[in-house]
Amino acid sequence: LGALLICLALVCMAASTARAASALWVVDPTNNQIDEYLPGQLTTSHMPTPLIVPIGAAPYGACFDQSNNLWVTDDAEEFLEFSAKDLKKLPTAPSAKATITSSSFIDIVGCTFDRHGNLWLADLDNNSLDKISAKQLKAGSGDITPAVIITDSAEMSGAYPGFVTFDKA
């Protein structure tokens with residue numbers, strides 16, 4: 001079993017995540033976009049120009065599922081899914097293929113997938129760690145009610161979750 005790691009912080013920093021192709025993906029909320037830096041760009045000491053995935057609202061977090069689809073959380077309290085196939089067409093801007101919302105989302109700043117395809121969410125303002133099952137994700141876009149796994153209690157010690165991931169063990 002992989003361990004679930006939670007960063008508890010009062011300050012949110014731009015998150016980054018890498019996928020199998022070794023590209024570095026960086027959340028850029030100031031410009032409402034996700035930046036992709038290719039492996040060759042990461043070996044030099046200059047300011048490389050990234051490929052850009054435009055997002056309609058300021059992105060807060062990003063993660064990849066087992067199929068290399070990119071999932072993005074944004075300040076409109078929704079999750080956008082961009083297919084791996086469309087991401088390979090950058091710099092042509094991809095369109096989100098699914099949008100998931102929930103009336104319980106307030107400020108989702110982190111996301112990760114476990115080995116079973118479940119999506120885990122760090123909700124800053126709800127002080128909670130939520131889980132959306134793989135079955136719920138397969139149902140498609142729309143309003144989803146996540147299972148609250150950890151909430152503001154002794155487990156969270158009154159802190160705010162800002163980043164969440166599983167190790168590879």
Side-chain angles (χ1 to χ4, degrees), residues 4-102 104-114 117-132 137 141 144 146 159-168:
L4 178 65
L5 306 174
I6 305 170
C7 174
L8 303 174
L10 293 175
V11 177
C12 295
M13 299 179 66
S16 62
T17 184
R19 64 180 172 147
S22 299
L24 177 69
W25 295 78
V26 180
V27 172
D28 183 352
T30 302
N31 295 308
N32 291 356
Q33 64 191 35
I34 303 290
D35 301 334
E36 178 190 19
Y37 295 93
L38 302 175
Q41 294 178 299
L42 302 175
T43 60
T44 59
S45 60
H46 67 288
M47 291 294 295
T49 302
L51 297 171
I52 295 171
V53 178
I55 308 296
Y60 285 158
C63 57
F64 287 91
D65 63 19
Q66 291 91 338
S67 299
N68 260 351
N69 299 313
L70 174 65
W71 291 78
V72 178
T73 69
D74 67 21
D75 68 355
E77 309 312 335
E78 59 189 8
F79 279 95
L80 309 172
E81 179 187 8
F82 296 92
S83 75
K85 180 180 172 185
D86 287 347
L87 292 174
K88 290 179 182 178
K89 298 176 185 175
L90 287 174
T92 301
S95 297
K97 72 176 193 174
T99 302
I100 295 173
T101 60
S102 175
S104 67
F105 294 162
I106 295 180
D107 198 2
I108 303 296
V109 295
C111 62
T112 192
F113 283 88
D114 64 21
N118 300 309
L119 178 61
W120 293 77
L121 317 170
D123 189 332
L124 185 68
D125 285 347
N126 274 332
N127 293 0
S128 66
L129 179 64
D130 304 330
K131 174 181 158 185
I132 297 176
L137 291 173
S141 60
I144 289 180
Y160 302 99
F163 175 78
V164 60
T165 191
F166 284 92
D167 65 18
K168 300 296 182 192

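All values below were derived from every heavy atom in this structure, side-chain atoms included, with hydrogens, water molecules and symmetry-related copies excluded. Source: prediction; values computed, not measured.
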Interatomic distance, CH2@Trp120 vs CG@Leu129, rounded to 0.5 Å, equals 6.0 Å
d(Phe79 CZ, Cys63 SG) to nearest 0.5 Å is 7.0 Å
Looking only at heavy atoms, the pair that brings Ile52 and Leu90 closest together is O-CD2, 3.5 Å
The reported gap from CZ in Phe82 to CD1 in Ile55 (rounded to nearest 0.5 angstrom) is 3.5 Å
Of Val72, Ile132, Thr73, the one forming a side chain to side chain contact (heavy atoms under 4.5 Å, CB included) with Cys111 is Thr73
One should read off an interatomic distance between Thr112 OG1 and Asp65 CG, to the nearest 0.5 angstrom, of 10.5 Å
Residue set satisfying salt bridge (charged side-chain N to carboxylate O under 4.0 Å, His left out) with Asp86, at least two apart, ordered chain then number -> Lys89
Tightest non-hydrogen contact, residues Ala96 and Leu80, listed as CB-CB, 4.0 Å
Stepwise, does the side chain to side chain contact (heavy atoms under 4.5 Å, CB included) test hold for Leu137 with Glu81?
CA-CA 10 Å; Leu137 291 173; Glu81 179 187 8; over 6 Å; no
Closest non-hydrogen contact found for Leu51 with Pro91 is CD2-CB, 4.0 Å
By side-chain hydrogen bond (donor to acceptor under 3.5 Å, both in side chains), Asp35 pairs with (sequence neighbours left out) Gln33
Q. With no hydrogens and no angle check, is any side-chain donor or acceptor of Asp75 less than 3.5 Å from a backbone partner on Ala58?
A. yes
I'd like to check Glu36 versus Leu87 (side-chain heavy atoms, cut-off strictly below 4.5 Å). Are they in contact? no
dist Asn69:CG -> Lys97:NZ (nearest 0.5 Å) comes out at 4.5 Å
Of all heavy-atom pairs linking Ile34 and Pro59, the shortest is CD1-CB, 3.9 Å
The reported gap from CZ in Phe64 to CH2 in Trp25 (rounded to nearest 0.5 angstrom) is 5.0 Å
